[in-house]
There are 4 protein chains.
Amino acid sequence: MFIRFVTTGGTIDKIYFDALSRFEVGDSPVNTILGEGLVKFDYDVVSMFRKDSLELTDEDREELRRFIATDDAAHYVITHGTDTMVESAQALRSFPDKRIVLTGSLSPARFKTTDAVFNIAMAVAAVQLVEPGVYLAMSGQIFTADNVRKNREENRFEVIS
Amino acid sequence: MFIRFVTTGGTIDKIYFDALSRFEVGDSPVNTILGEGLVKFDYDVVSMFRKDSLELTDEDREELRRFIATDDAAHYVITHGTDTMVESAQALRSFPDKRIVLTGSLSPARFKTTDAVFNIAMAVAAVQLVEPGVYLAMSGQIFTADNVRKNREENRFEVIS
Amino acid sequence: MFIRFVTTGGTIDKIYFDALSRFEVGDSPVNTILGEGLVKFDYDVVSMFRKDSLELTDEDREELRRFIATDDAAHYVITHGTDTMVESAQALRSFPDKRIVLTGSLSPARFKTTDAVFNIAMAVAAVQLVEPGVYLAMSGQIFTADNVRKNREENRFEVIS
Amino acid sequence: MFIRFVTTGGTIDKIYFDALSRFEVGDSPVNTILGEGLVKFDYDVVSMFRKDSLELTDEDREELRRFIATDDAAHYVITHGTDTMVESAQALRSFPDKRIVLTGSLSPARFKTTDAVFNIAMAVAAVQLVEPGVYLAMSGQIFTADNVRKNREENRFEVIS
């Protein structure tokens with residue numbers, strides 16, 4: 001099995017610069033997380049954007065869609081900011097033969113306590129098991145792209161009731 | 001969804017006692033890991049054994065099998081030592097309506113660097129997606145109980161070729 | 001021995017809020033760090049400010065000075081943002097019988113990799129060993145308040161040459 | 001300033017081998033801890049023994065004493081198992097011009113929660129501040145070699161009353 005990881009920024013990638021008291025999108029922690037997970041499958045990591053997900057534009061989403069459309073992999077895990085993860089997932093719903101799982105985290109991967117490892121690992125398991133389509137792995141659950149929303153007040157993802 | 005976690009000991013649960021320079025099986029880290037993962041499903045944790053998996057007997061496996069047979073849950077994640085995880089998985093292959101995923105870790109969950117979080121999270125995702133049956137989540141992959149072995153030399157799980 | 005910890009904010013206390021993609025000053029990590037350090041002396045923690053140190057005013061420094069002047073402890077560790085730690089240290093130079101050590105960190109204590117634990121621990125050791133006066137514990141070293149500066153370009157504290 | 005770190009084994013260096021369910025003395029974590037602490041002084045790390053401190057012999061202590069006697073550094077931090085740290089400290093009491101601080105930890109440095117970072121950092125601060133002599137940095141305190149014991153029941157170091 002081969003999984004292509006595509007990183008787009010978001011909280012999961014956030015780092016902190018003391019000199020400026022600023023918090024910015026940095027290198028992806030995906031390689032570190034897969035290393036700790038002692039995974040034994042083939043993969044690579046493509047860095048596509050470094051943006052808060054509220055700053056991702058329709059053009060960015062179209063660029064991401066085209067990248068996957070013309071790329072030769074069959075299994076994708078996309079790390080993404082949580083605020084527009086659902087929008088990006090829905091913009092990707094058009095590949096009959098590809099399994100795509102989006103994930104991210106509510107606290108930065110570089111924090112001592114973070115949901116980043118858990119979410120990446122869920123996405124890795126899910127992309128091996130699902131039918132072709134687009135999914136989200138967040139809040140301890142696997143959602144289909146057309147039946148999920150972020151509940152901001154409660155800081156969780158949930159099925160649209 | 002409801003997941004019942006059953007803990008049986010193994011490396012994932014190991015703790016260290018300085019006064020004795022001894023390393024023993026302690027409380028399960030499952031609750032801590034699910035808390036960090038910000039999971040939003042219902043679950044409980046049942047502590048069944050606290051043993052290295054090489055010390056688990058046929059009677060222990062039969063007790064585990066009977067517990068699940070008479071229990072009312074449909075989704076199980078079982079944490080287990082890695083040395084006999086495959087044997088225990090195979091001893092459990094008899095429930096037409098239950099999804100069971102065994103997992104554990106190669107380094108203790110209490111270590112700074114550990115595969116425990118990754119493996120628990122894979123098991124959580126897998127148990128939601130698989131058909132009824134018994135599975136292993138290790139080495140970044142999901143295996144069926146009858147087609148996996150631990151390769152001790154390389155410290156990994158792999159498909160029986 | 002009794003040590004009074006006084007927290008004033010700064011990078012060491014920074015936390016992150018996903019819903020707003022914002023990084024703010026939060027609760028002090030001092031209690032957690034002392035707990036991990038298995039310390040066996042008496043102490044308490046007083047939260048005085050929650051500010052980036054660039055936002056601390058002369059009035060704030062005067063309030064801190066008055067608090068210590070009228071307080072009955074003899075040993076203080078003050079956590080502080082790094083940008084104006086030296087200014088605050090110099091504003092405190094007037095207590096013949098008190099030992100005061102300021103410290104902080106260049107990355108937040110809540111990060112996986114942080115200098116916060118190291119710096120707090122140096123301050124704890126130093127406050128037990130120094131003559132009365134005001135000191136800084138940063139960059140692996142103990143400085144006197146009147147002979148230290150932050151070198152922003154190299155993100156370190158150093159003796160004024 | 002230059003500090004020479006000498007490692008002798010003990011809990012602080014413990015690592016875990018899954019294949020054997022065994023816990024052994026491994027590489028010293030001193031370099032990693034100093035890196036996280038963002039220290040800016042010169043140092044090196046000499047690995048002398050890799051033993052539980054109960055296994056250290058009088059010959060080992062004499063070898064350590066001779067090493068320091070003929071070595072050219074003035075500041076030493078020695079990491080050591082806790083069970084015989086006091087004995088080793090007392091065996092070293094004979095250098096008029098050297099500052100020596102022994103430290104270690106009650107849980108392995110590789111654990112998520114450990115006193116190792118705190119203790120190393122206290123030792124680093126202490127060795128810069130003390131008069132020539134031999135000291136221990138444990139339990140949040142700095143002790144002189146001739147007035148300290150390990151209280152095993154309470155798992156702490158304390159002054160001999």
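Throughout, protein chains are lettered first and strands after them, A, B, ... in sequence-line order, and every chain is numbered starting at 1. Note that the structure is a prediction, hence the values are computed from the model and not measured.
If you take CE on A/Met122 and CD1 on B/Ile120, they are separated by 13.0 Å, rounding to the nearest 0.5 Å. The line from CD of B/Glu36 to OG of A/Ser107 is 8.5 Å long, rounded to the nearest 0.5 Å.
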Side chain to side chain contact (heavy atoms under 4.5 Å, CB included) between B/Leu34 and A/Phe118: does it pass, once the steps are laid out? CA-CA 8 Å; B/Leu34 296 175; A/Phe118 200 97; 3.9 Å; yes
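Note on A/Val124, A/Asp115, A/Val117: by heavy-atom pairs under 4.5 Å with chain B, the leading option is A/Asp115.
Taking 4.5 Å as the heavy-atom cut-off, the residues of residues 127-149 of chain A that approach chain B are A/Gln128, A/Leu129, A/Val130, A/Ser139, A/Gly140, A/Gln141, A/Ile142, ordered by number.
Both the backbone and the side chain of B/Ile33 come within less than 4.5 Å of a heavy atom in chain A.
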